2 protein chains.
Amino acid sequence: MKNRLKVLRAERNWSQAELAARLEVSRQSVNAIETGKYDPSLPLAFRIADLFGLAIEEIFLRD
Amino acid sequence: MKNRLKVLRAERNWSQAELAARLEVSRQSVNAIETGKYDPSLPLAFRIADLFGLAIEEIFLRD
DNA sequence: GCGAAATGTCAAGATACATTGACATAATAT
DNA sequence: ATATTATGTCAATGTATCTTGACATTTCGC
């Protein structure tokens, strides 16, 4: 499961800490998801999709 | 996080056991997700969406 | 180059997700 | 009515997700 988080974040000039704050998760969680250590839970994936105004399928890709 | 699993399964006349087999998870997992005990992981949500040929957003709804 | 901000990573702990095995009850079929 | 199938649920266990706190390294502005 790959994701486009880093790119989406860069497009908005958000730091990992800023994204984490907007998602109400820890900075370490954002980093872990971005660096592929694990996938977000489904509810968090929805919050991410909502924040960027995209469908989950447009952010998370089957590997 | 609500979901339409039970309906989609009924449309196909699949038992929980049959759906579990197609998803390669346990019957208890399907039951737990259907009865709202917990949400599936993101990878499992993708497998479910793929199986039914729908977008994740068409199966799982923000509550 | 120096200091600040950003990123990567580790450890320890909590809660969520998924498993097997078992059992009770409900629904269906013969 | 009895047997089979389907569903709901429990306990115990293991892995995944997420947390706080800490520290090292990289990147950026000045």
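Naming: A, B, ... by sequence-line order, numbering from 1 per chain. Predicted model, so just to flag it, every value in this text is computed and none were measured.
OP1 or OP2 of C:dG8 has at least one side-chain nitrogen or oxygen of A:Q16 nearer than 4.0 Å. Residue B:S29 has no polar side-chain atom (N or O) positioned under 4.0 Å from OP1 or OP2 of C:dA18. Phosphate contact (OP1/OP2 of C:dT7, side-chain N/O of A:N31, threshold under 4.0 Å): absent. Remark: A:T35 is not in phosphate contact with C:dT7, judged by side-chain N or O atoms under 4.0 Å from OP1 or OP2. The shortest distance between the side-chain N/O atoms of A:R9 and the OP1/OP2 oxygens of C:dA6 is not below 4.0 Å. A close approach under 4.0 Å does not occur between any side-chain nitrogen or oxygen of B:S41 and OP1 or OP2 of D:dA16.
Look at CD on B:Q28: it is 14 Å from P on C:dC23, rounded to the nearest Å. Going from atom CD of A:E24 over to atom P of D:dT19 covers 10 Å, rounded to whole Å. Per the geometry, CG belonging to A:L23 stands 16 Å off P belonging to D:dT17, to the nearest Å. In this structure, A:D39 atom CG and C:dA16 atom P are separated by 19 Å, rounded to whole Å. Computed from coordinates, the B:Y38 OH to D:dA16 C1' distance equals 12 Å when rounded to whole Å. The distance between atom CG of B:L5 and atom P of D:dG8, rounded to the nearest whole Å, is 12 Å. In this structure, B:K37 atom NZ and C:dA16 atom C1' are separated by 14 Å, rounded to whole Å. Separating the CD1 atom of A:I33 from the P atom of D:dA16 is a distance of 15 Å, rounded to the nearest angstrom.
Not a single donor-acceptor pair under 3.5 Å links the side chain of A:R9 to the backbone N or O of A:L19. A distance-only check finds a donor-acceptor pair linking the side chain of B:R47 to the backbone of B:L23 [under 3.5 Å]. Remark: the backbone N or O of A:I56 is paired with a side-chain donor or acceptor of B:E57 at under 3.5 angstrom. Checking side-chain atoms of A:E24 against main-chain N and O of A:A21 turns up no donor-acceptor pair under 3.5 Å.
Which of C:dT9, D:dC18, C:dT19 sits closest to the side chain of A:R27 comes down to C:dT9. Ranking C:dA18, D:dT19, C:dA6 by closeness to the A:S26 side chain, first place goes to D:dT19.
The residue among A:W14 and A:L42 whose nearest nucleotide of DNA chain C lies closer to the 5′ end is A:W14.
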Practice prompt. Begin from the C-alpha positions of B:E18 and B:N13 and carry the test side-chain contact (heavy atoms from CB on, under 4.5 Å) through to its verdict.
Written response: CA-CA 9 Å; B:E18 191 157 352; B:N13 280 304; over 6 Å; no
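For a distance-only test at 3.5 Å, the side chain of A:E34 fails to qualify as a donor-acceptor partner of the base of C:dG8.
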